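Nothing here was measured: the structure is a model prediction, and the numbers come from that model. Quick note: numbers below take in every heavy atom, side chains included, and nothing from hydrogens, waters or symmetry partners.
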Amino acid sequence: MSIQTIVTIGRQFGSAGREIGETLASDLGIKCYDKELLDRAAKDSGLCQELFENHDEKPTNSFLYSLVMDTYSFGYSSATFADMPINQKVFLAQYDSIKKIAEEGPCVLVGRCADYALADFPNVLTVFIHADLQSRIRRIAKRYDLTDAKAKERIVKMDKRRASYYNYYTSKKWGDALSYNLCLDSGVLGIDGCVKLIKRAIAIKEDVEEKKNIYY
């Protein structure tokens, strides 16, 4: 299946969003960027990779961020960038790398506000993966060898962190259906079912875009 679409995947912790992204990318013969995005951003920016790992999808002060983004929207000098707090440097470096990756061709991008970074790209399908709490508890407990109570604790913490990060850096709300083109329940559909539906959505989107080009 040859595609032109870039897929961004937001996900609840334990919903198998990463696995869905990787399976989708493998089926389509394109690259999937999850933690790989941190490697790319470190390489592109020249910043230490450990900084990206330590600040990965962690919220920052919204007021400070707004000041930084005001500066960024008008362009910033190397001196301005050098004076920014580390978390702002990390976010902007990822933001730039996401755009560069998207310009290279179709791919799957997991998390890191990729849908926000690519808001001006017409060939993007934004997806959010969620699942019922019990399904996620079972997955996380098994993966990390945790009790159900500990798994639930980790899920609640990670979801809160991801929501705070997303809500700070975008004008949208994490997990809200209005923030995405497609929301899928992996607890009901499973990994393969989610992948099939995303592939179908890609085909429909590209068909619609092709017809627009014909008519206009």
Side-chain angles (χ1 to χ4, degrees), residues 1-41 43-44 52 56-57 91-131 162-163 165-167 169-216:
M1 181 180 179
S2 178
I3 69 164
Q4 301 300 317
T5 302
I6 297 161
V7 179
T8 69
I9 296 181
R11 72 283 184 231
Q12 288 183 324
F13 187 61
S15 66
R18 177 177 58 80
E19 292 92 333
I20 290 167
E22 289 174 343
T23 303
L24 176 67
S26 178
D27 284 1
L28 297 175
I30 59 179
K31 292 183 179 179
C32 179
Y33 294 87
D34 182 10
K35 294 292 185 181
E36 296 83 359
L37 177 57
L38 307 184
D39 299 337
R40 174 64 180 267
K43 181 179 178 180
D44 288 348
F52 291 90
D56 189 27
E57 292 189 297
F91 176 79
L92 292 179
Q94 287 185 168
Y95 185 93
D96 285 341
S97 290
I98 288 169
K99 286 180 173 289
K100 289 177 182 177
I101 289 168
E103 288 168 354
E104 293 169 3
C107 61
V108 177
L109 293 156
V110 179
R112 284 99 192 168
C113 301
D115 57 321
Y116 171 72
L118 302 180
D120 294 332
F121 284 61
N123 60 325
V124 174
L125 179 71
T126 62
V127 180
F128 188 80
I129 305 297
H130 61 96
R162 288 177 179 175
Y165 180 84
Y166 185 88
N167 295 345
Y169 285 118
T170 77
S171 57
K172 301 182 291 183
K173 185 176 180 181
W174 185 81
D176 189 319
L178 293 176
S179 298
Y180 311 91
N181 301 138
L182 186 66
C183 295
L184 299 174
D185 187 339
S186 62
V188 172
L189 301 168
I191 292 175
D192 290 341
C194 287
V195 170
K196 287 178 182 177
L197 282 174
I198 296 172
K199 288 163 70 175
R200 180 58 181 153
I202 291 171
I204 293 171
K205 175 178 171 56
E206 295 194 351
D207 183 56
V208 169
E209 292 299 322
E210 183 178 352
K211 288 178 180 177
K212 282 183 182 178
N213 292 333
I214 292 173
Y215 293 134
Y216 292 104

Non-hydrogen side-chain atoms of S179 and W174 separated by less than 4.5 Å: no

Value rounded to 0.5 Å, distance of CD in Q94 from CZ in F91: 8.0 Å

Distance in Å, D34 CG paired with D39 CG, rounded so as to fall on 0.5 Å steps: 10.5 Å

Heavy-atom check, side chain of Y166 versus side chain of D115, under 4.5 Å: yes

4.5 Å side-chain heavy-atom contact, K172 and L178: no

Verdict with supporting geometry, L189 and L197, side-chain contact (heavy atoms from CB on, under 4.5 Å): CA-CA 9 Å; L189 301 168; L197 282 174; 3.5 Å; yes

Passing candidate, side-chain contact (heavy atoms from CB on, under 4.5 Å) with I202, options T5, V127, D207: T5

Heavy-atom check, side chain of V108 versus side chain of I30, under 4.5 Å: yes

Contact summary for Y165 and C113, nearest pair of heavy atoms: CE2-SG, 3.5 Å

Short side-chain to backbone donor-acceptor contact, Q4 and E206, under 3.5 Å: no

Pairwise side-chain contact, V110 with C32, heavy-atom cut-off 4.5 Å (strictly under): yes

Closest contact, heavy atoms only, V124 versus N181: O-OD1, 3.7 Å

Among T8, I198, I3, the one residue meeting side-chain contact (heavy atoms from CB on, under 4.5 Å) with L125: I198

Nearest non-hydrogen partners of I6 and G105, listed with the distance: CG1-O, 4.0 Å

Spatial distance of atom CD1 (I20) from atom CZ (R11) [nearest 0.5 Å]: 11.5 Å

Least distance between heavy atoms, A102 atom then L118 atom: CB-CD2, 3.6 Å

Spacing of CG belonging to L182 relative to CZ belonging to F128, to within rounding of 0.5 Å: 12.0 Å

Centroid-centroid under 6.0 Å between Y169 and Y116 rings: no

Side-chain donor or acceptor of T23 paired with backbone N/O of E19 under 3.5 Å: yes

Beyond-backbone contact of V7 with L28, side-chain heavy atoms, under 4.5 angstrom: no

Side-chain heavy atoms of K31 within contact of I101, under 4.5 Å: no

Over all atoms of both residues, closest heavy-atom pair of S186 and C194: CA-SG, 3.7 Å

Distance, nearest 0.5 Å, that separates CZ of R162 from CZ of R112: 7.5 Å

Working for side-chain contact (heavy atoms from CB on, under 4.5 Å), residues R40 and K100: CA-CA 10 Å; R40 174 64 180 267; K100 289 177 182 177; 3.9 Å; yes

Distance (rounded to the nearest 0.5 Å) between I129 CD1 and Q12 CD: 10.0 Å

